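Take this structure first; my questions come after.
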2 protein chains.
Amino acid sequence: MKMSGGVEWALHCCVVLSRAGAPVPAAKLAELHDVSQSYLAKQLQLLSRAGLVRSTLGQSGGYVLTRATSEITVLDVVEAIDGAQPAFRCTEVRQRGPLAVPAERCDTPCPIARVMDSADRAWRESLRAITVADLVADVGRTTPAETLEAARQWLRA
Amino acid sequence: MKMSGGVEWALHCCVVLSRAGAPVPAAKLAELHDVSQSYLAKQLQLLSRAGLVRSTLGQSGGYVLTRATSEITVLDVVEAIDGAQPAFRCTEVRQRGPLAVPAERCDTPCPIARVMDSADRAWRESLRAITVADLVADVGRTTPAETLEAARQWLRA
DNA sequence: GTCGGTCTACTCGGATATCAGTTGTCCGAGTAGCAGTGG
DNA sequence: CCACTGCTACTCGGACAACTGATATCCGAGTAGACCGAC
């Protein structure tokens, strides 16, 4: 089981965008993080489709967050990039094979599926509890102010 | 993000094995669940490597659980099949690019990694709380006794 | 009747193809700002 | 000096390959039980 690597990039981008205050083109975000420009563009498109960012065309265009950072949860970003489907998908094994249980008997979900669903919900709940604002605050706490200012300068240049 | 489909099969196999009481060959488990025999064998090998089941060679051989079902958690099975590595792996983006933070400054893990790690732990904790015995009990509660007996007969035949 | 040897059929285990999904890349459509020009 | 027009450079968006890892398969190594014969 492996989450898309784009999730990490997307989250970093959200943090950067929140500090920028002005539209930031995808190329600049890619250079800043030293990742593939074309592939990062794909992730940003996914964020755009999910309505988390808005794109501006033309010169001095780029991406901007659509909401306050406190209104964007980590789960929002994860689901935008990696999809909202749960990692485990029950294939109804009990309805197959020589001892198949007829479908009309399966009114309650398979116990295994229930356990997995519960775990998945705990995972999502944990991600939903943290917002991008929390991340930004954490970064601000552990990073020197001068570094943050330097980043701001670099983004404008 | 998608979990290996083998996890579902492996869990079903554990439930079946706990009810069998005698070694069950992989071929029988595959036929019972109507899945690829060769591929299921792979999953059972993984369970064997993890020490959850023990294989017996020769005639009337097969797989047996090594511990009581109450001593096997769902997490054990998931990690045996799908690996114990967390879904999210921090690539230390902050140490790359033109504004790279030097490694010696990164004494605390990246906030994003912390959030992901926390969620991953919640997920695993949820899976660790349920044992195969719980699954067996649940199956026994929702399945008619006659069906269970039929399964037992079929396994011996 | 019992013990030993042999043999067979059945089991698992690892090495080997195939396929899907993620990763990575490219080019075209569209637009905002800028420069030039005319009033 | 100001407004309009055309242009240019820059932006995103979706369509197109390459590669890693999951999926599926096969055949060989090894063993437990059964069978047969001798004692």
Side-chain angles (χ1 to χ4, degrees), chain A residues 1-10 13 17 20 22-31 33-66 78 80-83 85 87-89 91 93 155 157, chain B residues 1-10 13 17 20 22-31 33-64 66 78 80-83 85 87-89 91 93 155-157:
Chain A
M1 189 171 55
K2 187 165 157 286
M3 181 184 299
S4 168
V7 170
E8 183 180 13
W9 303 356
C13 284
L17 286 180
V24 181
K28 222 153 188 51
L29 288 171
E31 189 187 353
H33 296 119
D34 187 25
V35 297
S36 158
Q37 172 176 340
S38 311
Y39 189 37
L40 181 63
K42 199 186 200 58
Q43 319 301 340
L44 289 168
Q45 280 173 39
L46 290 172
L47 289 182
S48 179
R49 281 191 202 169
L52 297 178
V53 302
R54 175 153 295 283
S55 64
T56 313
L57 248 51
Q59 244 175 351
S60 74
Y63 287 96
V64 191
L65 294 179
T66 56
V78 169
I81 303 295
D82 214 47
Q85 287 196 342
F88 179 89
R89 253 160 293 175
T91 59
V93 170
L155 279 176
Chain B
M1 188 170 54
K2 185 164 156 286
M3 183 182 300
S4 167
V7 169
E8 182 179 12
W9 303 356
C13 285
L17 286 180
V24 181
K28 221 152 187 53
L29 289 171
E31 190 188 352
H33 295 117
D34 187 25
V35 297
S36 159
Q37 174 177 338
S38 313
Y39 190 38
L40 181 65
K42 197 185 201 59
Q43 319 299 341
L44 290 168
Q45 281 172 38
L46 289 173
L47 289 182
S48 179
R49 281 190 202 169
L52 296 178
V53 303
R54 176 153 294 283
S55 64
T56 313
L57 247 53
Q59 242 173 355
S60 75
Y63 288 96
V64 192
T66 56
V78 169
I81 303 294
D82 213 49
Q85 288 197 342
F88 178 88
R89 255 160 290 176
T91 59
V93 170
L155 278 176
R156 290 181 187 279

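Remember, predicted model here, so these are calculated numbers, not experimental data. Basis for what follows: all heavy atoms, side chains included, without hydrogens, waters or symmetry-related copies.
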With a cut-off of less than 4.0 Å, is there a side-chain N or O of B:Ser60 near OP1 or OP2 of C:dT11?
no
Go through it in stages, so that I can follow the logic: the residues are B:Gln85 and B:Arg89, the test is side chain to side chain donor-acceptor pair (under 3.5 Å), and I'd like the CA-CA distance, side-chain angles, deciding distance and then a yes or no.
CA-CA 9 Å; B:Gln85 288 197 342; B:Arg89 255 160 290 176; 2.9 Å; yes
Which heavy atom of B:Ile81 sits nearest a heavy atom of B:Gly6, and at what distance?
CG2-C, 4.0 Å
Assuming nearest nucleotide by heavy-atom distance, tell me which of A:Trp9 and B:Arg49 is located more 5' along DNA chain C.
B:Arg49
Name the nucleic acid region contacted by A:Ser38, choosing base, sugar-phosphate or nothing; use a 4.0 angstrom heavy-atom cut-off, strictly under.
base
Nearest-angstrom distance from the residue atom CG of A:Leu57 to P of C:dA32:
7 Å
How is B:Gly6 classified with respect to the nucleic acid when contacts are heavy atoms under 4.0 Å: base, sugar-phosphate, or nothing?
nothing
Send over the distance from A:Gln43 CD to D:dG14 C1', rounded to a whole Å.
14 Å
Calculate the interatomic distance between A:Met3 atom CE and C:dT23 atom C1'; express it in whole Å.
16 Å
What is the distance from CZ of B:Arg89 to P of C:dT22, rounded to the nearest Å?
14 Å
Where the side chain of A:Thr66 meets the backbone of A:Leu52, is there a donor-acceptor pair that is under 3.5 Å apart?
yes
Could you state the atom-to-atom distance from CG of B:Leu40 to C1' of D:dA22 in whole Å?
16 Å
Can you name the closest pair of heavy atoms from B:Glu8 and A:Val93 and give their distance?
OE2-CG2, 3.6 Å
A:Leu47 atom CG is separated from D:dG13 atom C1', nearest whole Å, by 14 Å
Which listed nucleotide (D:dG13, D:dG33, C:dC12) is nearest to the side chain of B:Gln59?
D:dG33
Closest heavy-atom pair, A:Leu44 versus A:Ala26, reported as atoms and distance to 0.1 Å, is CD1-CB, 3.5 Å
Closer to the 5' end of DNA chain D via nearest nucleotide, is it A:Lys42 or A:Gly61?
A:Gly61
Identify whether any heavy atom of A:Ala41 sits under 4.0 Å from a base atom; if not, whether one sits that close to sugar-phosphate; answer base, sugar-phosphate or nothing.
nothing
For residues B:Leu47 and B:Ala80, report the shortest heavy-atom separation together with the two atoms involved.
CD2-CB, 4.0 Å
Have a look at B:Arg54 and say if it touches a base, only the backbone sugar-phosphate, or nothing, with a 4.0 Å heavy-atom cut-off.
nothing
Could you state the atom-to-atom distance from CE of B:Met1 to P of C:dT23 in whole Å?
12 Å
Under 4.0 Å between any heavy atoms, over every strand shown, what does A:Lys2 touch: base, sugar-phosphate, or nothing? Just pick one.
sugar-phosphate
Closer than 3.5 angstrom, by distance alone: can the side chain of B:Asp82 be matched with the main-chain N or O of A:Met1 as a donor-acceptor pair?
yes
Mind calculating the distance between OH (B:Tyr39) and C1' (C:dA17) to the nearest angstrom?
14 Å
Go through DNA chain C and write down every stem, that is, every run of at least three consecutive Watson-Crick or G-U wobble pairs with distances under 3.5 Å, as range with range.
C:1-39 with D:1-39
If you compare all heavy atoms of B:Tyr63 against all heavy atoms of B:Ser55, which two are closest, and at what distance to 0.1 Å?
CE2-CB, 3.7 Å
For B:Ala27, report the nucleic acid contact type (base, sugar-phosphate, nothing); a contact means any heavy atom under 4.0 Å.
nothing
Taking C:dT23, D:dA24, D:dT11 as options, the one with an atom nearest any side-chain atom of A:Pro25 is D:dT11
